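Quick caveat, the model's predicted, so the values are computed rather than measured. What you see below is based on every heavy atom in this structure, not just the backbone, and it leaves out hydrogens, waters and symmetry mates.
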Amino acid sequence: MGDALADAPPKPPPGMVYIPEGYFPMGANSGNDSEEGPQHHVYTSAYFIDQYEVSNAEYMKFVEDTGHPKPVYWEDDRFNRPNHPVVGVSWFDAMAYARWKGRRLPTEAEWEKAARGNDTRLYPWGDKWAKGFVLYFVNVYGLEDKYRHTAPVDDYPAGISPFGVFNMAGNVWEWCLDWYADDYYRKSPELNPEGPEPTKMKVVRGGGWINNLDGARLVRRGRNFPATRNMIYGFRTVLPVPTP
C-alpha cells in the first residue's frame, strides 16, 4: 500500500489539473508554416495547469487586492461577464496576476502538452470533425457555437483536452511564458524548453473566437508584443510540481 500511495499523483490545487512528467510530440511536420515544425519530442516535468482560462471574476479579485489597473474591456458588455475569460490584458498583466497567485504562465511546451496529450492530435478532442459539423465543442468564428464573442470558461465540455483542460482551442488566445522565434523548433532543447533568448514578441497559443477551426489547431503558434492588450488575448496559469 505504501508503494501505491507513493505512486499516486499529487492532488491539484483547486481549479487546476495535474499534467504528469514525460515526453510528448510537439509541433507538426505537415504544417504550412515553417514555425510549426519540425515535429519533435519534448520532455516536461510534472506541473499543474488551470483547468479554465482566467475569468473576469477571478481577475477582479486580483485587481481589488492589488490595485492593478483594470483590463481595457472592463466596461464592455461584450467581454466583461464574470464567467467569461478576461481579455484586454497584456503579457505583463498576466504575469502579474500569475505571481500574485504564486504561479507563472505556461511555457509553450507545457501549454501544448496540456492541450494535446501524448499523441499527434491537432485539436483537444481529436480529429477536426470528430464531434460532427455543429460546433458545440469549441468557440470559434460564427454563431454555430452559440457565442458571437467570448464564451464561458467552463463551456464546451465535449471539447476538453485528454487531461481534462477546457477551451485549449478557441475562445481566446493565451499568453505563454516564452519569447517567440519562428525557427525555435529547429534548435529547441529536449528537456523543459523555455523558449529562445529574448526577442521582441511573446508567444500566444490556442486560437480564439475570431478564428476559424483551422486557425485553432493546437500546433498553430501566434505572437505579439508583450504590452499588447486586445479583445482576443487571455491566459491561464501553471504551478510546477515540487520535486521530492
Ring center gap for [X] and [Y] short of 6.0 angstrom:
{"X": "Phe24", "Y": "His41", "answer": "no"}
{"X": "Tyr147", "Y": "Trp209", "answer": "no"}
{"X": "Tyr97", "Y": "Phe235", "answer": "yes"}
{"X": "Tyr43", "Y": "Tyr23", "answer": "yes"}
{"X": "His149", "Y": "Phe79", "answer": "yes"}

Regarding [X] and [Y], do their side chains bring together a donor and an acceptor under 3.5 Å, going by distance alone?
{"X": "Thr237", "Y": "Asp50", "answer": "yes"}
{"X": "Ser55", "Y": "Asn83", "answer": "no"}
{"X": "Asn80", "Y": "Glu75", "answer": "no"}
{"X": "Asn224", "Y": "Trp173", "answer": "no"}

Quiz item: Of Phe225, Tyr73, Trp91, Trp175, which meets ring-ring contact (aromatic ring centres under 6.0 Å, His included) against Tyr233?
Solution: Trp175
State whether [X] and [Y] are salt-bridged, where the test is any N-O pair (Lys NZ or Arg NE/NH1/NH2 against Asp/Glu carboxylate O) under 4.0 Å.
{"X": "Lys187", "Y": "Asp183", "value": "yes"}
{"X": "Glu112", "Y": "Arg205", "value": "yes"}
{"X": "Arg121", "Y": "Asp127", "value": "no"}
{"X": "Arg104", "Y": "Glu110", "value": "yes"}
{"X": "Glu58", "Y": "Lys61", "value": "yes"}
{"X": "Asp214", "Y": "Arg220", "value": "no"}

Main chain of [Y], side chain of [X]: is a donor-acceptor contact present, judged purely on distance under 3.5 Å?
{"X": "Asn211", "Y": "Gly208", "result": "yes"}
{"X": "His68", "Y": "Thr66", "result": "no"}
{"X": "Asn56", "Y": "Arg81", "result": "yes"}
{"X": "Arg99", "Y": "Arg103", "result": "no"}
{"X": "Lys146", "Y": "Ala151", "result": "no"}
{"X": "Arg217", "Y": "Tyr123", "result": "no"}
{"X": "Asp145", "Y": "Val140", "result": "yes"}
{"X": "Arg221", "Y": "Gly27", "result": "no"}
{"X": "Arg229", "Y": "Val72", "result": "no"}
{"X": "Lys131", "Y": "Ala158", "result": "yes"}

How long is the straight-line distance from [atom2] of [Y] back to [atom1] of [X], given to the nearest 0.5 Å?
{"X": "Lys101", "Y": "Met16", "atom1": "NZ", "atom2": "CE", "value": "8.5 Å"}
{"X": "Asp155", "Y": "Thr150", "atom1": "CG", "atom2": "OG1", "value": "11.0 Å"}
{"X": "Asn171", "Y": "His84", "atom1": "CG", "atom2": "NE2", "value": "8.0 Å"}
{"X": "Ile210", "Y": "Ile232", "atom1": "CD1", "atom2": "CD1", "value": "3.5 Å"}

Exercise. Might you work through the side-chain hydrogen bond (donor to acceptor under 3.5 Å, both in side chains) test for Asn192 and Ser45, ending with a clear yes or no?
Key: CA-CA 7 Å; Asn192 292 315; Ser45 300; 3.0 Å; yes
Quiz item: Looking only at heavy atoms, which two atoms of Val241 and Pro10 are closest? And how far apart?
Solution: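 What the structure gives for the nearest pair is CG1-CG, 4.1 Å.
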Self-check item: Closest non-hydrogen atom pair, Ala130 against Trp125
Solution: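 Nearest heavy atoms, Ala130 then Trp125: CB-CD1, 4.0 Å.
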Self-check item: Option among Tyr180, Tyr185, Trp179 that satisfies the side chain to side chain contact (heavy atoms under 4.5 Å, CB included) test with Glu108
Solution: Tyr185
Grouping I, L, V, M, F, W and Y whenever their side-chain heavy atoms are under 4.5 Å apart, do [X] and [Y] come out in a common cluster?
{"X": "Phe166", "Y": "Val138", "value": "no"}
{"X": "Ile49", "Y": "Val54", "value": "no"}
{"X": "Val87", "Y": "Trp74", "value": "yes"}
{"X": "Met231", "Y": "Val172", "value": "yes"}

Practice problem: Determine, step by step, whether Trp111 and Glu174 satisfy the side-chain hydrogen bond (donor to acceptor under 3.5 Å, both in side chains) criterion, reporting the C-alpha distance in whole Å, the side-chain angles of both residues, the deciding distance to 0.1 Å, and the verdict. | Solution: CA-CA 9 Å; Trp111 188 96; Glu174 300 178 15; 2.9 Å; yes
Exercise. Starting from the C-alpha separation in whole Å, work towards a yes-or-no answer on salt bridge (Lys or Arg N to Asp or Glu O under 4.0 Å) for Arg223 and Asp182.
Key: CA-CA 10 Å; Arg223 71 274 190 188; Asp182 60 5; over 6 Å; no
Practice problem: Using the salt bridge (Lys or Arg N to Asp or Glu O under 4.0 Å) rule, take Lys202 and Asp178 through it: C-alpha gap first, then chi angles, then the decisive distance, then the call. | Solution: CA-CA 6 Å; Lys202 288 289 186 177; Asp178 309 30; over 6 Å; no
Self-check item: cation_pi(Arg148, Tyr141) dist<6.0 Å, angle<=45
Solution: no
